[in-house]
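Working notes, structure below.
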Amino acid sequence: MLREIRQNEKISYHIEGPFFIIRLVKPDNLNALEGEDYIYLGELLELADKNSDVYFTILQSTGRFFSSGADFKGIARAQMDDGVKYASETSKWLSNFVARNVYVTDAFIKHSKVLVCCLNGPAIGLSAALVALCDIVYSINDKVYLLYPFANLGLITEGGTSVSLPLKFGPNATYERLVFNKPFKYDIMCQNGFISKNFRMPSSDAEAFNEEVLKELREKVEGLYLPSCLGMKKLLKANHIDSFNKINSLEVNGSLQYWVDGEPLRRFGQLSSKERKHRL
Ligand SMILES: CCC/C=C/C(=O)SCCNC(=O)CCNC(=O)[C@H](O)C(C)(C)COP(=O)([O-])OP(=O)([O-])OC[C@H]1O[C@@H](n2cnc3c(N)ncnc32)[C@H](O)[C@@H]1OP(=O)([O-])[O-]
């Protein structure tokens with residue numbers, strides 16, 4: 001028996017045959033997510049995992065961005081949260097950063113269903129890290145990119161990116177982009193087979209793109225023995241699962257000191273007041 005799950009105004013989900021479809025539905029802030037939203041994503045993945053009728057977990061979004069990553073307003077709120085008395089800065093960021101981050105990353109790393117991402121636009125930060133943990137990625141057009149702006153925000157790699165990015169794009173291409181805060185653009189995503197298909201649709205047509213991907217997937221799974229798909233995912237994942245589990249812990253524990261020292265908070269504040277911008 002599946003447990004009930006709470007609702008979230010920024011993320012919806014529904015089940016259609018073998019597909020568990022998760023959709024980000026807050027396009028006005030480019031689908032930025034707060035800590036609780038990332039936890040909700042993790043909970044949805046657990047729900048999909050436990051449903052034996054589900055074989056594919058599909059991530060979709062709305063508007064012109066897939067997701068602009070962690071919501072800077074949410075981060076400012078965490079800092080000002082007078083309602084909770086933390087024993088120390090370490091205690092505060094263990095709760096507001098480490099626990100949440102490690103949980104959602106782990107939910108993606110251990111997910112047993114085939115993870116499909118419908119990239120309707122760019123993805124940034126932790127959201128882009130989750131995209132890099134997906135098994136299959138389709139793009140709406142060639143304007144999509146992934147940006148991991150950790151060097152601009154006083155952070156270090158998170159969401160398994162220390163493993164996923166070198167694995168999918170090669171170590172040197174990863175160094176160049178992470179160290180100098182440059183995006184992974186469509187060309188490198190294509191060269192490395194990260195994107196399986198470009199649907200060549202206008203950026204304004206996210207809804208039609210999502211529907212088109214689903215239509216193709218329905219056709220593609222016809223006649224397949226779906227437990228074989230999950231059996232193969234398990235084996236393909238076995239190649240890297242130990243590295244992902246290890247790095248998830250190393251990344252969050254490494255980042256903790258940066259949060260305690262305060263540089264990310266200062267830089268998120270500058271981003272929010274538009275004093276700081278990412279180079280795209
Ligand atoms: C968990 C902790 C660890 C951290 C992990 C990460 O994810 S690190 C990565 C963290 N993420 C980043 O570093 C990305 C920060 N964002 C950006 O750099 C730029 O917005 C952009 C390049 C994504 C798009 O530029 P553009 O000129 O095309 O569009 P625009 O700028 O005009 O934005 C439109 C509206 O959306 C709003 N909004 C956008 N993003 C966020 C957000 N994250 N939050 C809240 N709101 C956000 C923006 O304020 C504006 O609202 P307004 O003022 O109209 O009420």
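Order of listing sets the numbers, starting from 1, for every ligand and every atom in it.
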Which pairs of nitrogen or oxygen atoms, taken one from ligand 1 and one from the protein, are under 3.5 angstrom apart?
unit_1	atom_1	unit_2	atom_2	d
ligand 1	7 (O)	Ala70	N	2.9
ligand 1	7 (O)	Leu126	N	2.9
ligand 1	11 (N)	Ser68	O	2.8
ligand 1	13 (O)	His278	NE2	2.6
ligand 1	28 (O)	Arg64	NH1	2.9
ligand 1	28 (O)	Arg64	NH2	3.1
ligand 1	29 (O)	Arg64	NH2	3.2
ligand 1	40 (N)	Ser68	OG	3.0
ligand 1	43 (N)	Ser68	O	3.3
ligand 1	43 (N)	Ala70	O	3.0
ligand 1	44 (N)	Phe72	N	3.0

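Residue Glu219 qualifies as enclosed at atom CD: its count of foreign heavy atoms under 6.0 Å is above 12.
Expressed to the nearest 0.5 Å, how far OG1 of Thr157 lies from CG of Leu165 amounts to 8.5 Å.
Remark: Phe65 engages no residue in a ring pair (Phe, Tyr, Trp, His ring centres under 6.0 Å) (not counting sequence neighbours).
When all heavy atoms of Thr174 and Phe169 are compared, the pair lying nearest together is OG1-CB, 4.1 Å. Here the shortest heavy-atom pairing between Arg267 and Leu153 reads CD-C, 3.6 Å.
Looking only at atom types and distance, the side chain of Asn120 has no donor-acceptor partner in the side chain of Thr62 under 3.5 Å away.
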